[in-house]
Amino acid sequence: MNTNGNETIEHKDNAEAAASPEAYAGSMAAGEVAPPVAKLTKQDFVSGQEVRWCPGCGDYSILNNVQKVMPELGIPREKIVFVSGIGCSSRFPYYMNTYGFHTIHGRAPALATGIKASNPDLSVWVITGDGDALSIGGNHFMHVIRRNLDINYILFNNRIYGLTKGQYSPTSEVGKRTKSSPSGAIDYPLNPLSVAIASEATFVARSVDIDVKHLGQTISAAAHHKGVSFVEVYQNCNIFNDGAFESFTERAVRSDKMIYLEHGQPLVFGKERNKGIKMNGARPEVVELNSETGLTADDLLVHNIHEPDPSVAFMLARMQQPDFPQPVGIFRQIARATYEDLLVAQIEEAVAKQGHGRIEKLINSGDVWTVG
Amino acid sequence: MSTVTETPEERREIIVEELEAVTIRFAGDSGDGMQLTGSQFTNTSAIIGNDISTLPDFPAEIRAPAGSLPGVSGFQLNFSSHDIRTPGDVPNVLVAMNPAALKVNLPDLEEGGTIIINTDEFNAGNLEKAAYTSNPLEDGSLGAYRVHRLPITTLNVNALKQEVKLSRKEMDRCKNFFALGVLYWLYDRPLAPTREWIKAKFAKNEEVARANEIALQTGYNFADTAEVFTTHYTVKKADLPPGKYRRITGNEATAMGFIAAAQLAGRTLFYGSYPITPASDILHELSRRKNFGVKTFQAEDEIAAVCAAIGACFTGNIGLTGTSGPGVALKQEAVGLAVMTELPLILINVQRGGPSTGLPTKTEQADLFQAVWGRNGECPVIVIAPSTPSDCFSMAIEAVRLAFKYMTPVFYLSDGYLANGAEPWRIPDVNALPEIKINFVTDPTNFLPYARDERTLARPFAVPGTPGLEHRIGGIEKQNLTGNVSYDPENHEMMVKLRQEKVDRVAQDIPDIEVYGDETGKVLVLGWGSTYGAITSAVENLRREGHAVSGAHLRYLNPFPKNLGEVLKGFERVIVPEMNLGQLSTMIRAKFLVDAVPFSKVKGRPFQIREIVRKVEEYL
C-alpha cells in the first residue's frame with residue numbers, strides 16, 4: 001500500500017546541485033518510483049472543471065502558461081500538487097489535473113511545507129495573490145521563503161482584493177480609491193520582491209500576464225530551480241483594478257518602459273536598445289547609449305543572477321516606473337541546500353548512528369525496574 | 001571522601017519507623033534545582049519499588065528575582081507502599097531552601113508536619129524579599145511543626161571547599177544535592193541511582209560531577225551522624241502488578257505513544273508545533289527521535305504548525321500538531337479545513353490555566369468546549385482525553401487509530417498536571433499494541449474522492465503520488481462522492497449531517513465507560529482527564545466507609561461512550577468534579593437531561609482527594 005510516502009528517505013538530492021534543467025531532471029530520476037513517463041501534453045493538465053474567473057481576467061493567461069510548462073518538466077501528474085489559499089487566484093488548483101489543495105486564507109505556504117517536508121518526492125506549487133500572500137499570510141510568506149523548500153511559489157499581484165469585490169490590497173498604491181478607501185489608501189504598499197529577497201529567497205523573478213512568452217519562460221525557470229522559487233506575476237483585474245499595469249505593459253510602450261533582465265547581459269532597454277542602467281556610485285541611473293554620452297553597453301551594469309550578495313538584486317527590485325523601466329525577469333538565483341534535504345539528511349544521520357528506532361527499545365529506556 | 005563515608009564506631013540510637021506513604025514537597029528558589037531534586041527522589045523511590053505520583057509546580061518566569069515569592073519553585077512527591085493515584089493532598093514534609101519557599105508552602109503543610117529548613121538563607125535580605133516582618137525561625141510561629149534547622153549552604157561549602165576546585169557560586173549550586181542526601185537518609189533510600197545519574201549528566205564536567213556526588217554523600221552522612229534527626233523512616237515496596245516498570249510523565253508518554261502509533265501504522269510521524277508551555281516537551285522529545293523517522297517542524301506560528309500537519313496528512317502520513325489553549329484558539333480555522341477535507345489531523349492540547357495567556361505553568365481543564373464546539377460552522381471532531389500519565393501512551397495510539405479509520409480530526413486533551421506529573425508505568429508488551437490499518441486506495445476504477453465507507457462513512461484515502469487518482473480538495477463545501485465544489489443547499493445539509501454522523505458512529509468503536517463500584521447507588525462521581533486519580537481515590541475512600549458512591553471516568557468526550565446515558569440513570573446524583581466552571585457537566589445535562597452537579601476548581605492546581613470526598617458527603 002505504500003504509495004511513496006516512505007521512500008522519501010531514500011530520495012537524495014545533491015544540495016549543491018546547480019539550478020539547471022538537467023540537474024532537476026536528474027534529481028527527479030533519483031526517486032525510487034520512476035515509471036516510464038508517457039509524453040504528456042498541455043491538455044493532460046486541464047482538469048475539466050469549469051473555469052470561473054471573470055472573462056478577460058489575467059488569471060487565464062497564467063493558467064494557460066502553467067499548463068503549457070507542465071509537460072516539459074517530465075514530472076508525472078500524480079507527483080504534482082497545487083496548493084492555494086483564498087482569493088480569485090487561489091481557485092487555480094481546481095483547474096489543474098494534478099493533486100490539488102485549496103486551503104484557507106494565507107496558509108498555503110504552511111500546507112505546502114507539510115506536504116513537501118513529509119513527501120519530498122512531490123513537485124509542489126503554491127498559488128497565491130497579493131492579499132493572501134502579503135496580508136493575512138504575510139508571516140508564512142517570509143518563513144516559507146527563508147526555509148528554502150524546493151517548491152514553486154507564484155504570486156498573482158493585481159494590487160486589489162477581487163474576490164471580496166474591490167478593497168485596496170497591501171500592494172495598492174498610496175491614494176488608491178476603493179470601496180474601503182473612498183478617500184484614498186493611506187497604507188504604504190509592500191514590494192513583494194523586496195520582501196522575498198529580504199527573506200533570503202534563492203530564486204526571485206517577475207513577469208507579466210500578457211507577456212505570454214516571457215511568462216512561460218519564467219515559470220519554466222522557476223520550476224527548474226532547486227529551492228524555493230518566487231515569481232511575482234503582474235496580473236490585471238479587469239473588473240476592480242483594470243489597467244493597473246498597462247502604462248508600462250502595453251505592447252506599444254513595453255520596450256521603453258520595461259527592462260528584461262537577462263543573466264550575463266548588460267541592462268539595456270528601449271525600442272532602439274539605446275538605453276541602459278549604469279551604476280552611479282551605489283545608485284542605479286538610466287543612461288542613453290549614444291555618441292553624445294559616449295556610453296556603450298560596456299558601461300552598463302551586467303546582470304548576474306548568481307551573485308551571492310543580494311544587494312544588487314534588491315536594488316533592481318526597487319526600480320520602478322516612472323523613474324526607471326519596470327524590471328522583469330530573474331532577479332536572483334542561488335544554490336542553497338533545501339529544507340527537506342537537510343531534514344532527510346538529519347534523519348539518515350540519526351539512523352546511521354543509532355540504527356532504525358525500535359519501539360521496544362524506546363519504551364524500555366530510562367531507569368527501568370522489575371516488579372515480581 | 002573515604003573518611004566521611006566510614007561508619008562511625010559508636011552509632012547513636014536511631015528509631016526506625018515504618019510508614020505507608022509520605023508526601024514531600026521540595027521548595028526553593030527557581031534557581032535552586034528543586035525540580036531536579038524532586039525528580040531524583042522520585043526516580044530512586046520508583047526504582048526501589050514504591051508507587052509514586054508527582055506534581056511539579058514551577059513559576060512561569062524562568063528566573064524571577066532570587067529569593068522572591070514569585071520565584072518559588074516546588075516539587076511535590078507522594079511515595080507509598082500501596083497503590084496511589086495522586087501526588088498527595090497535603091505534604092507531610094516540607095523542604096524549604098529559603099524564606100520565600102517557606103512562606104509560599106507552609107499553608108499547605110499538614111498540621112504538625114515536618115519542616116527541613118536551610119537556615120543559612122534566613123538572613124535579613126531574604127526575609128524581607130519574602131515579606132516576613134520577623135524571622136519565623138525565631139518568633140515561634142513554627143511552634144506547631146517539627147522543624148529541623150540545617151545550615152545547608154554552609155555545611156555544603158565546608159564539605160566541598162577542600163575537595164573541589166570550583167567557585168563559591170558553583171559549589172552553592174550543589175546544595176540541593178546535599179539536601180537530597182539528607183532526605184535519602186531520612187527515608188532510607190539508596191544513593192546509587194542518583195550517583196549514576198550525576199555521572200552521566202556531568203560526564204563532560206568531572207569536577208561538577210564530583211562536587212555533586214560529594215554534596216549528596218555528605219548530606220546523607222550528616223543526617224546519619226549529626227544529632228538532628230532521631231528517627232528515620234522506611235516505606236516498603238508497593239504491591240504493584242508484576243512487570244517491567246519505568247517512571248513516566250504525561251508528555252513523555254504522549255510523545256512515545258505517537259511514535260509507536262506511527263510505527264504501528266507504518267507511516268512517517270510529522271509533528272508541526274510552535275513552542276508553548278506546557279506542550280514544548282513533546283516537541284523536544286520528538287525532535288530527538290529522528291532515528292524513528294520522525295519529522296518535527298518548528299513552525300513560525302501556531303497556524304503554520306497545524307497547517308503543515310494537515311499538509312502531512314494530505315500526503316498520507318501522521319500529521320500531528322501540539323500546543324496549549326491559546327495555540328488551539330489560533331489553529332481552529334485550520335481544524336475546520338481538516339474537518340471539511342476529511343483528513344486525519346491530530347491535535348494535542350496540553351491544557352493550562354486560561355483565558356488568554358492565563359497561568360502558563362498551571363493546570364486546568366477549561367478547553368473542553370473549545371475542543372468540542374470551538375470552530376465556525378457545524379464542525380465536529382473526535383475528542384479524547386487520557387486520564388493518567390501512563391494512559392497518555394495508549395490514548396495517543398487510539399487518537400491515530402480513530403483519525404485514520406474515520407478520516408476526521410481528533411483532539412487529544414492532556415493538561416499541565418498530566419504533562420509534568422510522573423508515575424510508574426508498567427511497560428507494555430509491544431506485540432500487544434493494537435494494529436493500525438490505513439486503507440489507501442490505489443485503484444483508479446470508479447474512484448470518487450468523497451465516496452463513503454458504509455460502516456464508518458470515511459472517504460477513501462488517495463494520496464499524492466498515486467497515479468490516476470489526481471483530485472482536488474479544499475475548504476469550500478464539497479459535493480458528496482465527487483468532492484467537487486458545491487453550493488447546492490440540499491447537498492450542504494446532507495454533508496453537514498454526514499460529517500456529524502461520522503463522528504457519532506465512533507461511539508460504536510470505543511469501549512463502554514466502566515463504573516468503579518456498584519452500577520447503581522446514591523452518587524456517581526463522573527470525571528474526565530487528569531482528575532482520575534483524585535476522583536478514584538475519593539470514591540475508594542467513601543466506599544470503604546460504606547457509602548453508596550461509585551465513580552466513572554470518561555476518556556472519550558466526543559462522542560461519549562454509548563452506555564453513558566444508562567450508567568447515569570443508575571444514580572440519584574451525578575457529581576462532576578472539573579478544573580473549569582462545569583463544562584462536562586453542562587454537556588451531560590444537555591445531552592442526557594440529567595441534573596449533574598458541577599464541582600469546580602479553577603486554581604491552577606489539581607483536586608485533592610479530600611476536597612472531592614467532602615463535596616460528595618454533602619449529597620449523602
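Residue numbers begin at 1 in each chain, while the letters A, B, ... track the order of the sequences. Since the model is a prediction, treat every value here as computed from it, not as a measurement.
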Partner chain B: residue of [options] with the largest heavy-atom pair count (under 4.5 Å):
{"options": "A:Thr113, A:Leu362, A:Val351", "answer": "A:Leu362"}
{"options": "A:Ala112, A:Ala110, A:Gly100", "answer": "A:Gly100"}
{"options": "A:Ile80, A:Asn97, A:Ile115", "answer": "A:Ile115"}
{"options": "A:Ser47, A:Gly137, A:Gly355, A:Gly114", "answer": "A:Gly114"}

With a 4.5 angstrom heavy-atom cut-off, could you sort out which part of [X] is near chain A: side chain, backbone, both or neither?
{"X": "B:Leu343", "value": "side chain"}
{"X": "B:Trp197", "value": "neither"}
{"X": "B:Ile427", "value": "side chain"}
{"X": "B:Val294", "value": "backbone"}
{"X": "B:Ala260", "value": "both"}
{"X": "B:Arg426", "value": "neither"}
{"X": "B:Pro428", "value": "both"}
{"X": "B:Ala238", "value": "neither"}
{"X": "B:Ala46", "value": "both"}
{"X": "B:Leu469", "value": "both"}

For the side chain of A:Tyr99 and the backbone of B:Gly465, is there at least one donor-acceptor N/O pair under 3.5 Å apart? no
Proximity breakdown for [X] and chain B, heavy-atom pairs closer than 4.5 Å:
{"X": "A:Val81", "answer": "side chain"}
{"X": "A:Thr98", "answer": "backbone"}
{"X": "A:Glu349", "answer": "neither"}
{"X": "A:Arg146", "answer": "neither"}
{"X": "A:Tyr339", "answer": "side chain"}
{"X": "A:Ser365", "answer": "both"}
{"X": "A:Met96", "answer": "backbone"}

Which atom of [X] lies closest to which atom of [Y], heavy atoms considered:
{"X": "A:Ile359", "Y": "B:Phe292", "value": "N-CE2, 3.8 Å"}
{"X": "B:Gln263", "Y": "A:Gly357", "value": "NE2-O, 3.0 Å"}
{"X": "A:Arg52", "Y": "B:Tyr487", "value": "NH1-CE1, 3.9 Å"}
{"X": "B:Lys295", "Y": "A:Pro120", "value": "NZ-CD, 4.1 Å"}
{"X": "A:Ser118", "Y": "B:Ala312", "value": "OG-CA, 3.5 Å"}

Side chain to side chain contact (heavy atoms under 4.5 Å, CB included), that's the test. Do B:Phe314 and A:Val83 meet it? Break it down for me. CA-CA 11 Å; B:Phe314 181 58; A:Val83 188; over 6 Å; no
Who wins among [options] for the most heavy-atom pairs under 4.5 Å with chain A?
{"options": "B:Thr341, B:Ile303, B:Ile248", "result": "B:Ile303"}
{"options": "B:Gly243, B:Ala304, B:Gly474", "result": "B:Gly243"}
{"options": "B:Glu333, B:Lys237, B:Arg247", "result": "B:Glu333"}
{"options": "B:Val485, B:Asp301, B:Ile310", "result": "B:Asp301"}
{"options": "B:Phe270, B:Phe393, B:Phe297", "result": "B:Phe297"}

Once rounded to the nearest 0.5 Å, what's the spacing between atom [atom1] of [X] and atom [atom2] of [Y]?
{"X": "B:His471", "Y": "A:Tyr94", "atom1": "NE2", "atom2": "OH", "value": "11.0 Å"}
{"X": "A:Arg91", "Y": "B:Arg472", "atom1": "CZ", "atom2": "CZ", "value": "14.5 Å"}
{"X": "A:Arg358", "Y": "B:Asn291", "atom1": "CZ", "atom2": "CG", "value": "11.0 Å"}
{"X": "A:Lys353", "Y": "B:Lys290", "atom1": "NZ", "atom2": "NZ", "value": "11.5 Å"}
{"X": "B:Thr296", "Y": "A:Ile347", "atom1": "OG1", "atom2": "CD1", "value": "8.0 Å"}
{"X": "B:Glu252", "Y": "A:Ile363", "atom1": "CD", "atom2": "CD1", "value": "13.0 Å"}

With heavy-atom distances below 4.5 Å as the criterion, would you say the side chains of [X] and [Y] are in contact?
{"X": "A:Ile104", "Y": "B:Cys307", "value": "yes"}
{"X": "A:His102", "Y": "B:Leu337", "value": "no"}
{"X": "B:Thr466", "Y": "A:Glu78", "value": "no"}

Mind telling me whether B:Tyr245 and A:Trp369 have parallel, tilted or perpendicular rings, with 30° and 60° as the class edges? parallel
More than 12 heavy atoms of other groups within 6.0 Å of B:Asp239 CG: no
So does A:Arg147 pair up with B:Glu300, basic N to acidic O under 4.0 Å? yes
